[in-house]
S.K.: 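Just dropping this structure here.
Only a predicted model underlies this, so the values are computations on that prediction, with no experimental measurement involved.
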Amino acid sequence: QLPIDELKIDKTFILELDQSEKDQFIVKSTIELSHQLGFSVVAEGVENEASLNMLKAMKCNHVQGYFLSRPIKSADLIKWLSDYE
């Protein structure tokens with residue numbers, strides 16, 4: 001009965017997602033259970049395209065990590081978004 005609606009998966013499970021079957025099982029199970037409980041899921045630590053594609057296939061709602069962008073200042077966000085698209 002915690003007032004939460006989102007679950008974040010720690011980068012420990014994401015950093016080697018494309019190489020570790022054990023991490024793949026943990027992440028997929030976590031995403032499925034979270035969705036069944038009505039939570040959206042954020043995966044942190046996405047560092048390569050293979051892991052990003054796996055998370056998409058697992059229906060992860062949101063991702064963050066250096067593969068997409070290093071942390072940037074809010075003033076630079078609009079430029080980053082236009083360059084990213």
S.K.: Looking only at heavy atoms, which two atoms of L17 and M58 are closest? And how far apart?
M.R.: CD1-CE, 4.4 Å
S.K.: Going by heavy atoms in the side chains, are L68 and V63 under 4.5 Å from each other?
M.R.: yes
S.K.: Are V42 and I26 connected in a single hydrophobic cluster, I mean Ile/Leu/Val/Met/Phe/Trp/Tyr linked by side-chain heavy atoms less than 4.5 Å apart?
M.R.: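 No, I26 and V42 fall in different hydrophobic clusters.
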S.K.: With the side chain counted from C-beta on, respond yes when V41 and H35 share a heavy-atom pair under 4.5 Å apart, and no when they do not.
M.R.: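 They are in contact (side-chain heavy atoms under 4.5 Å apart), so the answer is yes.
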S.K.: With side chains defined as the heavy atoms from C-beta onward, is the minimum distance between L15 and D23 less than 4.5 Å?
M.R.: no
S.K.: Any chain of hydrophobic side-chain contacts (each under 4.5 Å) joining L33 to I4?
M.R.: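 Looking at the clustering, I4 is in the same group as L33.
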S.K.: How many angstroms lie between CG in D18 and CE in M54, if you round to the nearest 0.5 Å?
M.R.: 6.5 Å
S.K.: Within the structure provided, determine whether L55 and I9 are in side-chain contact (heavy-atom separation under 4.5 Å).
M.R.: no
S.K.: If I take atom CG from residue D76 and atom CG from residue D83, how far apart are they, to the nearest 0.5 angstrom?
M.R.: 10.5 Å
S.K.: Within a strict 4.5 Å, meaning less than it, do heavy atoms of the S51 and F67 side chains meet?
M.R.: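 A side-chain contact is absent here, since even the closest heavy-atom pair is not under 4.5 Å.
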S.K.: Kindly work out whether a path of hydrophobic side-chain contacts (I/L/V/M/F/W/Y, heavy atoms less than 4.5 Å apart) joins I72 to I78.
M.R.: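 In one cluster with I72: I78, no.
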S.K.: Just by distance, do the side chain of S82 and the backbone of K79 share a donor-acceptor pair under 3.5 Å?
M.R.: yes
S.K.: Out of curiosity, E16 CD to Q24 CD, how far, rounded to the nearest 0.5 Å?
M.R.: 11.5 Å
S.K.: Determine whether E47 and K11 make a side-chain contact, defined as any pair of heavy atoms from C-beta on separated by less than 4.5 Å.
M.R.: no
S.K.: Any chance CZ of F39 has more than 12 other-residue heavy atoms, nucleotides or ligands included, within less than 6.0 Å?
M.R.: yes
S.K.: Measure the NE2-NZ distance between H62 and K8 for me, rounded to the nearest 0.5 Å.
M.R.: 11.0 Å
